[in-house]
Structure formats: C-alpha cells, structure tokens
Amino acid sequence: TTTRSGNSAAAAKYPNQVMRRIARVSKPRVNSRGTAVVAFSVSGSGGLARLSIARSSGSSKLDQAALRVIKKAAPFPAPPRGAQRSFSIRIKGR
C-alpha cells in the first residue's frame with residue numbers, strides 16, 4: 001500500500017531531519033580542542049529520551065557544551081513509525 005511505502009520513506013528521511021535541526025544550533029564556543037561524541041535517543045513525541053557523552057573529548061567544558069547543543073536542538077519532530085531513534089554525533093571544540 002502507498003501508506004506503508006510513505007511511512008518507510010518518512011522513516012528513512014528522519015535521521016536527516018534530526019541532524020539538520022542540530023546543525024542549526026550554533027556550535028559551542030569553547031576554547032578546548034578535541035571531539036566529544038554525544039549519544040541520544042528521541043522519544044515518541046520528539047523529546048529527548050536519553051542524552052549522554054559516549055566518548056569524552058578530554059575537556060569537561062567541551063563535553064558539557066556538546067550536551068547543550070543537543071538540548072538546544074530538541075525537541076525534534078516526532079519520529080515516524082520504524083524510524084531510527086538513537087543517534088550519536090561528534091561535536092568538535094575550537
């Protein structure tokens with residue numbers, strides 16, 4: 001049915017929607033070099049279900065700034081059925 005293919009197409013596009021929302025948030029202005037890897041999950045309504053540092057940058061300032069980027073980007077659009085809801089993203093310091 002077309003509804004089913006429509007859902008799978010929407011589900012396939014969902015990660016890009018999440019990343020675009022994050023890209024609109026200004027990056028952290030932290031004078032720390034390194035890259036923090038942030039892991040997060042999106043709830044069924046689009047809110048943050050989980051947020052953590054998956055790999056520290058070595059700078060607590062950069063790690064905290066990276067978490068703030070994701071918090072500012074939320075809430076995300078509500079995920080369509082079958083969409084990926086867990087993500088990890090690298091956020092670099094300056």
Side-chain angles (χ1 to χ4, degrees):
T1 63
T2 55
T3 311
R4 192 169 189 168
S5 65
N7 280 351
S8 63
K13 291 177 183 175
Y14 187 70
N16 286 335
Q17 290 177 331
V18 170
M19 294 306 157
R20 275 199 309 273
R21 180 75 62 101
I22 293 167
R24 283 191 220 132
V25 175
S26 59
K27 295 300 173 257
R29 297 184 187 277
V30 179
N31 245 351
S32 300
R33 293 191 184 274
T35 302
V37 179
V38 179
F40 65 99
S41 296
V42 179
S43 71
S45 63
L48 281 174
R50 185 179 56 83
L51 175 64
S52 64
I53 294 292
R55 191 171 73 227
S56 175
S57 64
S59 161
S60 63
K61 278 187 176 180
L62 178 53
D63 290 352
Q64 292 306 308
L67 292 172
R68 282 194 303 275
V69 167
I70 304 303
K71 286 179 186 174
K72 284 182 186 175
F76 299 98
R81 181 178 300 152
Q84 173 185 339
R85 289 171 49 174
S86 294
F87 302 91
S88 67
I89 185 170
R90 295 168 180 240
I91 297 179
K92 292 183 180 183
R94 293 176 188 224

Considering non-hydrogen atoms only, spot the tightest contact between Arg90 and Thr35 and give its length.
CB-CG2, 3.6 Å
Quick one: does Val38's side chain get under 4.5 Å of Ile53's, heavy atoms only?
yes
Are Val37 and Phe40 joined in one hydrophobic group, where the rule is that I, L, V, M, F, W and Y side chains link up if heavy atoms are under 4.5 Å apart?
no
Hey, could you give me the CD/CG distance between Gln84 and Asn16, rounded to the nearest 0.5 Å?
10.0 Å
When every non-hydrogen atom of Gly46 is compared with those of Pro79, the smallest separation belongs to N-CD, 4.0 Å
Does a sphere of radius 6.0 Å around NZ in Lys72 hold more than 12 heavy atoms from other residues, nucleotides or ligands, not counting ones at 6.0 Å or beyond?
no
Are Phe76 and Phe87 an aromatic pair by the rule of ring centers under 6.0 Å?
no
Measuring from Lys71:NZ to Leu51:CG, what's the distance to the nearest 0.5 Å?
6.0 Å
So which heavy atom on Gly58 is nearest to which on Ser56, and how close?
N-OG, 2.9 Å
Sidechain-backbone polar pair: Tyr14 side chain, Pro77 backbone, donor-acceptor under 3.5 Å
yes
Which distance, rounded to the nearest 0.5 Å, do you find between the CD of Gln64 and the CG of Leu67?
5.5 Å
Is the number of heavy atoms from other residues, nucleotides or ligands under 6.0 Å of Arg50 CZ greater than 12?
yes
To the nearest 0.5 Å, what is the distance between CD1 on Ile91 and CD1 on Ile22?
7.0 Å
Is it the case that Ser57 and Ser59 place a side-chain donor and acceptor less than 3.5 Å from each other?
no
What pair of heavy atoms forms the shortest contact from Gly34 to Leu62, and how long is it?
O-CD2, 3.5 Å
Within the side chain of Arg21, is there an N or O that forms a donor-acceptor pair under 3.5 Å with the backbone of Pro75?
yes
Looking only at heavy atoms, which two atoms of Ala54 and Ala39 are closest? And how far apart?
CB-CB, 4.0 Å
Between atom OG of Ser8 and atom CZ of Arg81, what is the distance when rounded to the nearest 0.5 Å?
12.0 Å
Would you call Val69 and Ile89 a side-chain contact if the rule is heavy atoms closer than 4.5 Å?
no
Are the side chain of Arg85 and the backbone N or O of Ser41 linked by a donor-acceptor pair below 3.5 Å?
no
